Protein chains: 2
Amino acid sequence: MKPLTIGTLAKSAGVGVETIRYYQRRGLLSDKGPRRGAYRIYESGDLARLRFIRRAQALGFSLDEIGDLLSLDETDDRAEARALAQARLGEVEKRLRQLQEIRDALKGLIACCEHTESPAPCPILHTLAENDELDTHAR
Amino acid sequence: MKPLTIGTLAKSAGVGVETIRYYQRRGLLSDKGPRRGAYRIYESGDLARLRFIRRAQALGFSLDEIGDLLSLDETDDRAEARALAQARLGEVEKRLRQLQEIRDALKGLIACCEHTESPAPCPILHTLAENDELDTHAR
DNA sequence: GTTGACTCCGTATCAGGGTACGGAGTTTAG
DNA sequence: CTAAACTCCGTACCCTGATACGGAGTCAAC
């Protein structure tokens, strides 16, 4: 049977070869391991780890946080994992609130723009150019 | 009265001097203009433009989009401005939906983790390490 | 035993939105 | 007049998550 080389692993995980190397440089994936000749041979654990990374990314964790999660996984540290998930949740909720404000502001501007007639200045541009305090804080 | 130099302008607009230079390099702000001796003198229009930029940023527009908005502002092109705002709104709403999914997934994991006892694997880590299809698509 | 595909490794580059640094010139307050 | 503070300008660097490139080595098939 074929040894699991970097290219095959990349394909199974749905990432690029360069990405795997990158994760190795970042310490998310071991870069030591058995070799056949000059070529590193990977195992199914590496694939699982890659999938772990992709799932955590989908939940919005940064690669640094994922590094932490991976070591928690090794020790099965539930409290710490929950704390990380909580922290992430907090940030997600904060960002959600910001985005909701942004959405409402945009909707308001668009609606307003549709109801005004041409001699008046465009509300969208006008609002952006205004001098009062609209300042939702910058992102 | 004091001439409006870059430092003063930066302070009034709440940005750094380097940021103003950066915007000039990006073409968002003119870098030609009256000088007193070697020093560029700014005018209130520049401050207004900076505020415009900050407001648009707060709504999530990129600097490139803001460049477009600024030229629309000069011609007062309502239709185009509305189109840009619509496009932005679409992206904001899409991101909102993604973040809601992420939030729900995180909440579920955290709640689940609180209700299981220690011999079982931590649901958070376990879910991330699972082999089934959880894949919300990556951000 | 050669050709084509793959791997290794280091380094560079991308996007986006700035920030930092350094040396020289200028301005302004005291 | 002098010293501090500011400005100019060019260039380099930060962060994040990758992606690209190039030359050399290696492996597998025919």
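Remember, it's a predicted structure, so these values are computed and weren't measured experimentally.
Note that CD1 of I110(A) and NE2 of H115(A) are 11.5 Å apart. Values are rounded to the nearest 0.5 Å. Annotation: the span from Q98(B) atom CD to R95(B) atom CZ amounts to 5.0 Å, rounded to 0.5 Å.
The interatomic distance linking I66(A) (CD1) with dT16(D) (C1') rounds to 12 Å, in whole Å. For the pair I41(A) CD1 and dT7(C) P, the computed distance is 9 Å after rounding to whole Å. Distance, D31(B) CG to dT7(D) C1': 15 Å, rounded to whole Å. If you take CG of D64(B) and P of dG18(C), they are 12 Å apart, rounded to a whole angstrom. Spacing between atom CG of L29(B) and atom C1' of dG18(C) amounts to 15 Å, rounded to whole angstrom units. Counting to the nearest Å, the C1' atom of dG16(C) and the CZ atom of R26(B) are 7 Å from each other. Taking atom CZ of residue R35(A) and atom C1' of nucleotide dT7(C), one finds them 10 Å apart after rounding to whole Å. Here dC8(C) presents its P atom at 9 Å from CZ of R40(A), a figure rounded to the nearest Å.
Side-chain nitrogen and oxygen atoms of Q57(A) include at least one within less than 4.0 Å of the OP1 or OP2 phosphate oxygen of dA18(D).
Of all the residues in residues 17-25 of chain A, E18(A), T19(A), Y22(A), Y23(A), R25(A) reach under 4.0 Å from DNA chain D with at least one non-hydrogen atom. At a non-hydrogen distance threshold of 4.0 Å, T5(B), I6(B), G7(B) from residues 5-12 of chain B come into contact with DNA chain D.
The existence of a salt bridge linking E74(A) and R49(A) is confirmed by a sub-4.0 Å separation between a basic side-chain nitrogen and an acidic carboxylate oxygen. Between R25(B) and D31(B) there is no salt bridge, since no side-chain N of the basic residue sits under 4.0 Å from a carboxylate O of the acidic one. The pair D46(A)-R40(A) meets the salt-bridge criterion, with a side-chain N (NZ, NE, NH1 or NH2) lying under 4.0 Å from an Asp/Glu carboxylate O. A salt bridge does not link E93(A) to R88(A): none of the charged side-chain nitrogens sits closer than 4.0 Å to a carboxylate oxygen.
Minimum interatomic distance between G7(A) and V17(A) (heavy atoms only, all atoms of both residues): CA-CG2, 3.9 Å. In terms of heavy atoms, A56(A) sits closest to L69(A) at CB-CD1, 4.3 Å.
For Y39(A) and dC6(C), a side-chain-to-base donor-acceptor distance below 3.5 Å is present, hydrogens and geometry of angles not being considered.
Each of G37(A) and G16(A) was matched to the nucleotide of DNA chain D holding its nearest heavy atom; the match closer to the 5' end belongs to G16(A).
There is a side-chain donor-acceptor pair under 3.5 Å between R26(B) and Y22(B).
Side chain of R36(A), nearest nucleotide from dC8(D), dA28(D), dG17(D): dA28(D).
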